[in-house]
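Whatever order the structure lists ligands and atoms in, that order sets their numbers, starting from 1. None of these values were measured; they are calculated from a predicted model.
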Amino acid sequence: MMTSGRIPVFMPYIGIDTAKAATDALELGWLGMGSYVREFEEGLASYLGLKDRFVVAVNTGTSALHLALLLAGVRPGDEVITASFNNIGDFQAIRMAGGNPVFCDINEDDLGIDPEKAEELIGPRTKAIIAMDYAGIPCRLDELYGLAERKDLRVIHDAAHSLGTRYKGRLVGSFDDIATFSFDPVKIITCLDGGALVVNSEKEVERLHRYRLLGMDQSASQMYTNNRAWTYDVGEPGFRYHLANLHASIGVSQLRRLSEFVSSRQRACRLYARLLLGVEDIILPQSSFDGVAPFIFYVRVLGGRREELAATLKRQGIDTGIHWIPGHKFTFLRECRRGDLSATERVSEEVLTLPLHSYMEPSLVERIANSIIEFFKG
Ligand SMILES: *Cc1c(COP(=O)(O)O)cnc(C)c1O
């Protein structure tokens, strides 16, 4: 697929299995939330090997984060500690719950939130910490959970990058307080748009079922038979966050390939790392990719040459991306409380995302790596 011409940063894999799943869902005639949503939730629970935990599917990763924050008890004026080096969806979700992000620095090795610096930021209104596994590489979860326990905080594990990653042998999402996933167009598996939460109490499941359906106390098990009730009560605020059958059907087909997606991406990342190992002016991810489900492959470009490298690659038909502009740089968030962000400042000027696709041909990785090697030779 596309071995010549432009190489995009992301290239979702849509096989005929996915096209067939979508057609089947359209032909079913029940386009809203229904049987495919149950199938997707069950499929994800089974992939994660959940025992005492439950999956609730929603329409985006951002909605999943918003609902996770509500479950965590975030109310107007409360604070949520997050790395400034995170997705804009996390910051907006905190604002949607009425809360304020508090920007924390990251570690130089895993580029996840720094637990010691997070502890210093805890204030009287702090309710939760967001943990996020940049590029699929796990952050310091043990320290973060230890801190949360000592300080009585909830942990929201934004696992949008790390579906399929293992932390100390256990799949991310299978051991958390609240975990959230995204299945947006470019994530490791896609529903076109979709998200999910994993929670550990049936009470939270029931709240999520109401939250995602405009607050209605519709029975999910009835909706999962492609049916609905016409009488119901609404007892609290709610949102239009449910997942539709079409999107869920795409997710079901993608889940079946997840293990292959993961292993093919691991191979591509290891090849990148092997080929780029000798290049002095870049720092590679600090990971062997064992047990890691790589969402993106990034390098850190030293010597202030990131933009020059990106422009050179672009001229050769190789797209690159930047994940991310840190939150504290945005106009909307400039008032937010923050600690020392020196690692964030440095890293965010250096990171460059290289193309990474499921089933990526080794020749593509070689072409990209060679271009980078040539750039630093010249
Ligand atoms: C993609 C992403 C989100 C947002 O998910 P959407 O499905 O796009 O709303 C949140 N956090 C992280 C880390 C992400 O990568």
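Within ligand 1, counting atoms from 1 as listed, the ones closer than 4.0 Å to a heavy atom of M132 are 13 (C). When each atom of ligand 1 is checked for a heavy atom of T60 under 4.0 Å away, the hits are 7 (O), 9 (O). Residue-ligand proximity, A160 to ligand 1, at heavy-atom distances under 4.0 Å covers atoms 2 (C), 11 (N), 12 (C), 13 (C), 14 (C), 15 (O).
On a distance-only criterion, W324 and ligand 1 share no N/O pair closer than 3.5 Å. Taking only nitrogen or oxygen atoms, main chain and side chain alike, K187 reaches within less than 3.5 Å of ligand 1. For N86, no nitrogen or oxygen atom sits less than 3.5 Å from a nitrogen or oxygen atom of ligand 1, counting backbone and side chain alike. Between G61 and ligand 1, at least one pair of N/O atoms sits closer than 3.5 Å.
Contacts of D193 with ligand 1, taken as heavy-atom pairs under 4.0 Å, are absent altogether.
For the pair R95 and F332, the cation-pi test (distance below 6.0 Å, angle within 45°) is passed. Geometrically, K187 engages F295 in a cation-pi contact, judged by NZ or CZ lying under 6.0 Å from the ring centre and within 45° of the ring axis.
For the atom pair I372 CD1 and Q316 CD, the distance stands at 9.5 Å (nearest 0.5 Å).
For the ligand labelled ligand 1, residue L65 lies inside the 4.0 Å heavy-atom shell.
Between R154 and E204 there is a salt bridge, since at least one side-chain N of the basic residue sits less than 4.0 Å from a carboxylate O of the acidic one.
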